[in-house]
**Student:** 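Take this structure first; my questions come after.
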Number of protein chains: 2
Amino acid sequence: MARMERMAPKTRRPERRQEPLSRERIVGAAVELLDSVGEGGLTFRALAERLSTGPGAIYWHVTGKTELLAAATDAVLTGALGGDDTGTAPQEAIRALALGLFDAIDAHPWVGTQLAHTAQSPMLRVFERVGRQVQALRVPEAHWFTAASSLMSYILGVAGQNAANARRARPGMDRTEFLGGVAAAWTELDPEQYAFTRSVAGQLREHDDRAEFVAGIDLILGGITALR
Amino acid sequence: MARMERMAPKTRRPERRQEPLSRERIVGAAVELLDSVGEGGLTFRALAERLSTGPGAIYWHVTGKTELLAAATDAVLTGALGGDDTGTAPQEAIRALALGLFDAIDAHPWVGTQLAHTAQSPMLRVFERVGRQVQALRVPEAHWFTAASSLMSYILGVAGQNAANARRARPGMDRTEFLGGVAAAWTELDPEQYAFTRSVAGQLREHDDRAEFVAGIDLILGGITALR
DNA sequence: ACCTGAACACCGTTCAAGT
DNA sequence: ACCTGAACACCGTTCAAGT
């Protein structure tokens, strides 16, 4: 009896009584659903069940599925943009920002798809963050726009494609095992049509998406700093 | 009566008798439907009507919607990969290839979305084409994979995002009018949160997606050639 | 071998009715 | 003001039946 000191709280544990529905709770549940069951799993009925209501209730807080997906995307991206760059060298700040987005999209692959659909406002925030570092790199003003938009496009574009690749592999498969399989497939391609691809199959096997991603950033940064 | 020389052809116009269904015709009709009514308009029922059959007939030639979309994407991308690079300087060949893809995706914006979903084989073809030019640039072999995959990711990623932007603007709106509107909106952003974005609103106004796209390629090419 | 079209299970969205 | 849940219109896919 003394064993499990179950000092009952004075007030009953609050029964997990249904908090009221809210845009915030809905978007949160949507993100969870997207993460666990994928884009096809996000259904107003499934979402309603998870929130223990009817599907119609959701429409009181959200105009429809499009807005719901946009809000979910926004939530994830906002989380990834949390860091603070003050005091960091511009190149390093850009790498950190890029990796934050890369990891967020890798963890929530459906965000990659959404980026192509909506997501106006998060993109603007990315643009601003990148742009400030471009300024800090002392790039001539005439090149600011090009430099910032190239970087942003690369970051979001590549992160999105990486997520797509990840989705293709995923089914519990081990990473190196997967890469090995693809590399093996490359080796069996037609030697004439795919001479180059075959020649880098080995590099694929020991390749690291994340490192490759940063390497691409550095290529662009190299091009940008050459502008001054 | 002589006015409209309606010289009736000897043989009756061939009645446009129903050619038999085929994977090719189905994919062609799907591309047309996607172009004209967008991704939401591609329906087995709509497609069947356009081909004057029932929806079930399509399943004899195609396993489902996923394969249909992949095939449509493949068809467009294959068309864009038509050119021949032999005899062109590598940098120029890469720009041409990139622009071909950019224009194709711009003309068929739904391809941008699909790139994030499937499209394994067309990506491999892009990779090979880009890779050969990377070799021609005399990049050290250890960097082949990184250089080629950075370029490909940038090309497909940016082209896809451009298509998404285009879709946002499209409704018949004039291009410069549209850019002017966005630039004006940028000018009204919070000066503290969006200092950089506001400062390049003018550059946005006179900016050219296509030129910007190539400028980004050149940045990467700059970084790549710095590797040797 | 190929096509037909009704039928099935499921979806986003609406809305009268409730509290 | 907010929630309920049946109902509507529509979707991808299947399949027995036809030719």
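Bear in mind the structure is a predicted one, so any value in this text is a computation, not a measurement. So that the names make sense, note that chain A is the first sequence line, chain B the second, and so on, each numbered from 1.
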**Student:** Starting from P on C/dC2, measure out to CG on B/L51 and report it in whole angstrom.
**Tutor:** 16 Å
**Student:** Rounded to the nearest Å, what distance is computed from the CD atom of residue B/E39 to the C1' atom of nucleotide D/dG12?
**Tutor:** 17 Å
**Student:** D/dC3 phosphate, OP1 or OP2: any side-chain N/O from A/H61 under 4.0 angstrom?
**Tutor:** yes
**Student:** Regarding A/L47, tell me which of base, sugar-phosphate or nothing describes its non-hydrogen contacts under 4.0 Å with the strands shown.
**Tutor:** nothing
**Student:** Rounded to the nearest 0.5 Å, what separation is found between the CG atom of A/L204 and the OG1 atom of A/T197?
**Tutor:** 10.0 Å
**Student:** Reading DNA chain C from 5' onward, which residue's closest nucleotide shows up sooner: B/G56 or A/A57?
**Tutor:** B/G56
**Student:** Whole-Å distance between C/dT13 C1' and A/L68 CG?
**Tutor:** 13 Å
**Student:** Using purine N1 to pyrimidine N3 plus N6-O4 or O6-N4 for Watson-Crick, or N1-O2 and O6-N3 for G-U wobble, each under 3.5 Å, what pairs with C/dC2?
**Tutor:** D/dG18
**Student:** Under 4.0 angstrom, heavy atoms only, what part of the nucleic acid is A/L42 near: base, sugar-phosphate, or nothing?
**Tutor:** sugar-phosphate
**Student:** Choose from D/dG12, D/dG5, C/dC11 the nucleotide whose nearest atom is closest to any side-chain atom of A/T43.
**Tutor:** C/dC11
**Student:** Centres of the A/Y194 and B/F127 rings: under 6.0 Å?
**Tutor:** no
**Student:** Using heavy atoms to find the nearest nucleotide of DNA chain C for A/G40 and B/R45 separately, return the residue whose nucleotide is more 5′.
**Tutor:** B/R45
**Student:** Which residue, A/L101, A/I105, A/L99, forms the side-chain contact (heavy atoms from CB on, under 4.5 Å) with A/I155?
**Tutor:** A/L101
**Student:** What integer distance in Å separates A/L21:CG from C/dT19:P?
**Tutor:** 19 Å
**Student:** Applying the side-chain contact (heavy atoms from CB on, under 4.5 Å) criterion to B/L42, which one of B/V31, B/L34, B/V37 satisfies it?
**Tutor:** B/L34
**Student:** What is the separation between atom OH on B/Y59 and atom C1' on C/dC8, rounded to the nearest whole Å?
**Tutor:** 13 Å
**Student:** Just to verify, which of B/R129, B/R95, B/R132 counts as forming a salt bridge (Lys or Arg N to Asp or Glu O under 4.0 Å) with B/D85?
**Tutor:** B/R129
**Student:** How many whole angstroms separate atom CZ of A/R25 from atom C1' of D/dC2?
**Tutor:** 14 Å
**Student:** Hunt down the Watson-Crick or G-U wobble partner of C/dA7, both distances under 3.5 Å, from any strand shown, or write none.
**Tutor:** D/dT13
**Student:** Does a side-chain N or O from A/W60 land closer than 4.0 Å to OP1 or OP2 of D/dC3, or not?
**Tutor:** no
**Student:** Can you tell me the distance, in whole Å, between the CZ atom of B/F44 and the P atom of C/dG5?
**Tutor:** 17 Å
**Student:** To the nearest Å, give me how far apart NZ (B/K65) and C1' (D/dC10) are.
**Tutor:** 12 Å
